[in-house]
Amino acid sequence: MEFLTLFAIYVVVVLTCIVLVCKYSDQQKTPFTVIFNFLVKVVSPFTPKWLQKLSQWTLHRLFHQRNNMFIYLHILLEGAVYAEFTYEVFGFCRDMDTTLTSLSVPYILLAIKSVFFYLCIKRDPGTVTKKKVAGQLQIYPYDRRLFHPGVSCPTCQLAKPARSKHCRVCNRCVQRFDHHCVWVNNCIGAQNTRYFLLYLFSVCAMAGDIALLTADMLFHAVLRSGLLRASYIDEYGQQQAAGPLFVVQHLFLTFPRIIFMLGFLIFVFFLLAGYALFHSYLALVNQTSNEWYKSRGYVCQHCHPTSTPDNLCSTVPDHSKRYYYCRGLLRNLGEIFSPLQPVRKKDN
Ligand SMILES: *[C@@H]1O[C@H](CO)[C@@H](O)[C@H](O)[C@H]1NC(C)=O
Ligand SMILES: [Zn+2]
Ligand SMILES: [Zn+2]
């Protein structure tokens, strides 16, 4: 009974996570969003009107208005994982002679991550303001493909610098706009993409490290229990060796919470590692997610070996003149870590 209940909770939590992730990355059509929208369409005839209204309202509040919900959720999940780690895994590991140094790494990573998390939330992503717009207009040249000169934002009533976009959630234009991230309740733009990248990598490191320590602990627990050499008498009176399934069930029943946490950590790790790699790729080829969604494959051949022949730069040998997106991977990365600042007007 306990095993099944736990397993059901486990599945529900994992599915909730997947749905949340799909909804929050709704800027583009991922396979997840397609499935999600399909499910909504299938389910909606069977749900009462008020429930539909309520869920629409909740989704609007959560995803189309600024709110700190996901920051709290983030802290809650992290708190749960660290509490579990500290109260159960830590003790076991100490018994199994894991050194204090390796057991303190998760806490160090937590501290590092919190700094980047805080910076992502607090740093201005590069809001286009009346005062700065003149300088911001000069940061990037217009490519006349995605960004055209002379366009202004109807809401902010300011000229739109190249690579900027109006964020509907925050209701402002942001320079070198990447995307709006609900987990930090802020846009990711010119001035905080670096913190965002570092934040992603530190969360991955955190989840990966705790998962490894936990897996190591479980492995030693199985070795100690002697289950691998154990056998049982089946209903025909025959002696049977306890197989891997037996071990898994034993672990589930002996350490239910730890197994639950390990599953969650592995899920988070792979999800975020993929996301972090995608963002590193974008940083290396000098693109924002916004530009990437708008023009897939439009990256110069130098950076992108599979680009199609109708790309500008493959027909222009000296692409550095005609094509701005790529001046070498290191320089692109440099621009993320020390973003170009708006040109200041001299006061005289
Ligand atoms: C990145 O691309 C922009 C144009 O979108 C260009 O102005 C800028 O110089 C590029 N940066 C690097 C480091 O190549
Ligand atoms: Zn705007
Ligand atoms: Zn925003």
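All values below come from the heavy atoms of this structure, side chains included, with hydrogens, waters and symmetry mates left out. Source: prediction; values computed, not measured. Whatever order the structure lists ligands and atoms in, that order sets their numbers, starting from 1.
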Visitor: Output all residues satisfying side chain to side chain donor-acceptor pair (under 3.5 Å) with E235, sequence neighbours left out; order by chain, then residue number.
Guide: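 Side chain to side chain donor-acceptor pair (under 3.5 Å) list for E235, sorted by chain: empty.
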
Visitor: For P141, take its heavy atoms, then give the atoms of ligand 1 lying under 4.0 Å from any of them.
Guide: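 Numbered from 1, ligand 1 contributes 7 (O).
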
Visitor: Give the atoms of ligand 1, by number and element, whose distance to some non-hydrogen atom of R163 is under 4.0 Å.
Guide: 1 (C), 2 (O), 3 (C), 5 (O)

Visitor: Classify the ring geometry of F85 against Y82: parallel below 30°, tilted from 30° to 60°, perpendicular beyond 60°.
Guide: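 Perpendicular, since the angle between the ring planes exceeds 60°.
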
Visitor: Just list the side-chain donor-acceptor pairs under 3.5 Å for residues 250-262, sequence neighbours left out, or say none.
Guide:
from : atom 1 : to   : atom 2 : distance (Å)
T254 : OG1    : H250 : O      : 2.3
R257 : NE     : E88  : OE2    : 3.0
R257 : NH2    : E88  : OE2    : 3.2

Visitor: With nothing but distance in play, are any N or O atoms of E335 less than 3.5 Å from an N or O of ligand 1?
Guide: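 Between E335 and ligand 1 (N or O atoms, distance only) the closest approach is under 3.5 Å.
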
Visitor: Taking distance alone, with N or O pairs closer than 3.5 Å, would you say N332 contacts ligand 1?
Guide: yes

Visitor: Apart from Y140 itself, what residues make up its hydrophobic cluster, given side-chain heavy atom links below 4.5 Å?
Guide: I139, L340

Visitor: If we ignore hydrogens and angles and just use 3.5 Å, is the side chain of D143 paired with the main-chain N or O of L146 as donor and acceptor?
Guide: yes

Visitor: Can you label the angle between the Y199 ring and the F117 ring as parallel, tilted or perpendicular, going by 30° and 60°?
Guide: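 Y199 and F117: parallel rings.
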
Visitor: Could you grab the protein N, O or S atoms closer than 2.8 Å to the Zn ion (ligand 2) for me?
Guide: C153 SG, C156 SG, H166 ND1, C173 SG

Visitor: For G189, does its backbone N or O pair with a side-chain atom of D178 as donor and acceptor, under 3.5 Å?
Guide: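 No, D178 side chain to G189 backbone: no donor-acceptor pair under 3.5 Å.
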
Visitor: Rounded at 0.5 Å granularity, tell me how far CZ in F147 sits from CG in N290.
Guide: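 Reported to 0.5 Å precision, the distance equals 5.5 Å.
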
Visitor: Among the N/O/S atoms of H180, which is closest to the Zn ion (ligand 3)? Give the atom name.
Guide: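 Closest N, O or S atom of H180 to the Zn ion (ligand 3): ND1.
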
Visitor: Taking 2.8 Å as the cut-off, does C181 contribute an N, O or S atom near the Zn ion (ligand 3), distance below it?
Guide: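 False for C181.
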
Visitor: Counting distance only, does the side-chain N/O of E335 pair as donor-acceptor with the main-chain N or O of N332 below 3.5 Å?
Guide: no

Visitor: Which of the atoms in ligand 1, numbered in the order shown and given with their element, are less than 4.0 Å from a heavy-atom of R331?
Guide: 13 (C)

